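Scroll down for the structure; my scribbles are underneath it.
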Amino acid sequence: MKTEKIMNIFKSRSFVVPLYVFQLREKFSLPFEEFLFLIYLSNIKEQFVFDPSKLSNEFGISLNDVMIYIDHLVEKGFLEMTVSKNEKGIMEEYLSLRLFYEKLSQFLIEDMVDSEKIQNQEKKTIYDQISDGFARPISSIEREIISSWVENGFSEELILAALKETVFNGISNLRYMDKILHTWNKKGLKTLEDIQVDKEKYQKEQRQKEKLELFDYDWFEDEENE
């Protein structure tokens, strides 16, 4: 008997949430319950007769909540409520999800534009990225210097890390970058992780040095001077 009930549950009508739509849920700016209710409505039809009692029973919420959710979704531009005559000539209220699909189309376009921007960014050469960092064009001589870094085995990751350090210090020339790269090479730093470890080691040594200087301070001599 229990098995039969369980089978009937799984045979009952279900609604589908497309993964793409679910991943976009933050863009909807809706409470999670309203988002699920909207997805549930999208599984019915693009336009259907508004029957609050049926929606209440199927979705498992009160009539009051159904009306609140509908009002919010209409107000936020996801649903459209219209009134028209049915086949028998009787006026009925209809819910339309046209606006919801329009919003989805807009989100899709925005995602495509963002994706294209990322792809264009990824296509940028090392020269373009250094030019962007310095906020000026790269000369032919500078291009040769950058090429020599690559030929000498400096990875793009390391070159861009040197660019970041250079720009952070308010400098926009390759000499400073070259000095950084050769200093890292001298220390045997080949990856960003190596650089981070070296920085942390330096900072730790500086903190220890400051502690020692504080400890060596002659407090009595300071009192005598007062």
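Here the structure is a predicted model, which means the values were calculated and not measured.
- Scanning both residues, Leu163 and Gln129, for their nearest heavy atoms gives CD2-O, 3.6 Å.
- How far OG of Ser155 is from CD1 of Ile126: 9.0 Å, rounded to the nearest 0.5 Å.
- With hydrophobic clusters built from ILVMFWY side chains whose heavy atoms lie under 4.5 angstrom apart, Ile61 shares a cluster with Phe48.
- Side-chain heavy atoms closer than 4.5 Å link hydrophobic residues (I, L, V, M, F, W, Y) into clusters, and following such links, possibly through other members, connects Leu174 to Val150.
- In plain terms, the two heavy atoms of Tyr40 and Lys54 that are nearest each other are OH-O, 4.3 Å.
- Of the inter-residue distances, the one linking Ile39 atom CD1 with Leu30 atom CG reads 9.5 Å to the nearest 0.5 angstrom.
- Side-chain contact check for Tyr176 versus Asn169: some heavy-atom pair is nearer than 4.5 Å.
- Between the CD1 atom in Ile145 and the CG atom in Leu181 there is a gap of 11.5 Å [rounded to 0.5 Å].
- Smallest separation of non-hydrogen atoms from Glu34 and Tyr69: CG-CD2, 3.7 Å.
- Ser29 approaches Lys76 most closely through the heavy-atom pair O-NZ, 4.2 Å.
- Residues Asp178 and Trp149 have side chains that bring a donor and an acceptor to within less than 3.5 angstrom of each other.
- Pairing each heavy atom of Leu55 with each of Phe50, the nearest pair is CD1-CE1, 3.9 Å.
- Between atom CD1 of residue Ile195 and atom NZ of residue Lys190 there is a gap of 11.0 Å, rounded to the nearest 0.5 Å.
- Under the 3.5 Å distance criterion, with hydrogens and angles disregarded, a donor-acceptor pair is assigned to the side chains of Tyr127 and Ser147.
- Connection of Ile171 to Met177 is established within a shared hydrophobic cluster, with ILVMFWY side chains joined at heavy-atom distances below 4.5 Å, either directly or through further cluster members.
- At a threshold of 4.5 Å between non-hydrogen side-chain atoms, the residues Phe28 and Leu38 count as touching.
- For Arg136 and Glu142, the salt-bridge test passes: some basic side-chain N is under 4.0 Å from an acidic carboxylate O.
- A distance of 11.0 Å separates CG in Asp51 from CD in Glu93, rounded to the nearest 0.5 Å.
- In this structure, Asn152 contributes its side chain and Ser148 its backbone to a donor-acceptor pair below 3.5 Å.
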Q: Run the numbers on Trp184 and Phe154 for side-chain contact (heavy atoms from CB on, under 4.5 Å), then give the verdict.
A: CA-CA 10 Å; Trp184 287 346; Phe154 291 110; over 6 Å; no
Q: Please step through side-chain contact (heavy atoms from CB on, under 4.5 Å) for the pair Ile130 and Ile159, ending with a clear verdict.
A: CA-CA 9 Å; Ile130 292 174; Ile159 294 171; 4.0 Å; yes
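- Looking at heavy atoms from C-beta onward, Leu95 lies in side-chain contact with Met81 at the 4.5 angstrom threshold.
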Q: Dump the intermediate steps for side-chain contact (heavy atoms from CB on, under 4.5 Å) on Leu63 and Ser53, then the final yes or no.
A: CA-CA 6 Å; Leu63 274 172; Ser53 298; 4.1 Å; yes
Q: I would like to know whether Lys204 and Glu200 meet salt bridge (charged side-chain N to carboxylate O under 4.0 Å, His left out); could you show each step before the answer?
A: CA-CA 6 Å; Lys204 186 178 179 182; Glu200 289 172 0; over 6 Å; no
Q: Please assess Thr191 against Asp194 for the test side-chain hydrogen bond (donor to acceptor under 3.5 Å, both in side chains), listing each intermediate value before the final yes or no.
A: CA-CA 5 Å; Thr191 66; Asp194 293 339; 3.2 Å; yes
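- Residues Leu79 and Arg98 fail the side-chain proximity criterion, which asks for heavy atoms closer than 4.5 Å.
- The minimum heavy-atom distance linking Tyr101 with Ser42 is given by the pair OH-O, 3.6 Å.
- Proximity of Val83 to Glu92: side-chain heavy atoms (C-beta onward) are nowhere separated by under 4.5 Å.
- At a threshold of 4.5 Å between non-hydrogen side-chain atoms, the residues Val21 and Phe107 do not count as touching.
- A distance of 12.5 Å separates CZ in Phe78 from CG in Leu41, rounded to the nearest 0.5 Å.
- Looking at Met67 and Pro52, their side chains come closer than 4.5 Å, going by heavy atoms from C-beta outward.
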Q: Could you give me the CA-CA distance, side-chain angles and deciding distance for Phe37 and His72, then say whether ring pair (Phe, Tyr, Trp, His ring centres under 6.0 Å) is met?
A: CA-CA 11 Å; Phe37 185 68; His72 286 177; over 10 Å; no
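- In summary, the side chains of Glu80 and Tyr94 do not present any donor paired with an acceptor at a separation below 3.5 Å, with no hydrogens or angles considered.
- For the 3.5 Å distance criterion, the side chains of Asp128 and Thr125 qualify, holding a donor opposite an acceptor.
- Residues Leu99 and Glu102 are in side-chain contact: their nearest non-hydrogen atoms beyond the backbone lie under 4.5 Å apart.
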Q. Phe59 and Leu36: side-chain contact (heavy atoms from CB on, under 4.5 Å), yes or no, with the steps?
A. CA-CA 10 Å; Phe59 198 66; Leu36 285 182; 4.1 Å; yes
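- Connection of Phe32 to Leu104 is established within a shared hydrophobic cluster, with ILVMFWY side chains joined at heavy-atom distances below 4.5 Å, either directly or through further cluster members.
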